[in-house]
Amino acid sequence: NAGVTQTPKFQVLKTGQSMTLQCAQDMNHEYMSWYRQDPGMGLRLIHYSVGAGITDQGEVPNGYNVSRSTTEDFPLRLLSAAPSQTSVYFCASREENIQYFGAGTRLSVL
Amino acid sequence: AQSVTQLGSHVSVSEGALVLLRCNYSSSVPPYLFWYVQYPNQGLQLLLKYTSAATLVKGINGFEAEFKKSETSFHLTKPSAHMSDAAEYFCAVTPYSSASKIIFGSGTRLSIRP
């Protein structure tokens, strides 16, 4: 099993550009989530999904969209990137309250 | 509502010394509690978890944590630090529900002095 795979690992955007962060898991987990990690703030939940076709907002959802068309994939979309979205993004899947994290995407918005 | 407080954003110990990373939680219902470790440029991985069985939980790499309900604490310890333990450590809490959100603390960076 590959676990949770995130692409790309690094990305630089200009303000106003859009992009999609990809996340895929091969463990057949129903629950998936996106976090952002900023210095001194731990991990903050952006969006999560309890199964295909079901998504919900976390604590910092503004500026991000998600969809969950399959169990395996949970992409995160930035519609119009802002410098405040410079961060490290982690995708995770979950089974029995244990989170399995991807390696992260480091995003810089200039 | 649940919350987690990690005391000390940075802890530095000498190699071979005791490691103690503090975590206090707030939960309106009995919680599940976790410690995750993040090595540089990697994602988080589970170190150990408490799920209402034994209050002293043993994890990987010689770490353990004790659930103390009276103190609402779940501190992480290791008797003897190794250089390879240098990482960031996150405490997390969730109530007894498979669909509930997991709340993470702000993290403690552990440095090991030679």
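This one's a predicted model, so the numbers in the text were calculated from it and none came from an experiment. Residue numbers start from 1 in every chain, and the chains themselves are labelled A, B, ... in the order their sequence lines are given, proteins ahead of strands.
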Worksheet entry | A:R94 vs B:I102, side chain to side chain contact (heavy atoms under 4.5 Å, CB included): CA-CA, chis, key distance, verdict | CA-CA 10 Å; A:R94 172 175 165 178; B:I102 296 178; 3.4 Å; yes

Discussion item. Taking side chain as everything from C-beta outward and backbone as N, CA, C, O, which of these in A:R44 sits under 4.5 Å from a heavy atom of chain B? Side chain, backbone, both or neither.
Written reply: neither

Discussion item. Minimum heavy-atom separation for B:Y36 and A:Q99, please, with both atom names.
Written reply: OH-N, 2.8 Å

Worksheet item: Do you know which two heavy atoms are closest between B:Q38 and A:F90, and how far apart they sit?
Response: NE2-CZ, 3.2 Å

Give the cluster check for [X] versus [Y]: same hydrophobic cluster or not, with ILVMFWY residues linked at side-chain heavy-atom distances below 4.5 Å.
| X | Y | result |
| --- | --- | --- |
| B:F67 | B:L56 | no |
| A:Y35 | A:V60 | no |
| A:M19 | A:V88 | no |
| B:I60 | B:M83 | yes |
| A:Y64 | B:F104 | no |

Gap separating the [atom1] atom of [X] from the [atom2] atom of [Y], nearest 0.5 angstrom:
| X | Y | atom1 | atom2 | answer |
| --- | --- | --- | --- | --- |
| A:L45 | B:I103 | CG | CD1 | 7.0 Å |
| A:Y100 | B:L44 | OH | CG | 14.0 Å |
| A:E96 | B:Y32 | CD | OH | 8.0 Å |

Worksheet item: Can you tell if the side chain of B:F90 reaches within under 4.5 Å of the side chain of A:Q37, non-hydrogen atoms only?
Response: yes

Discussion item. Please rank A:S33, A:G42, A:G40, A:P39 by heavy-atom pairs under 4.5 Å with chain B and give me the top one.
Written reply: A:G42

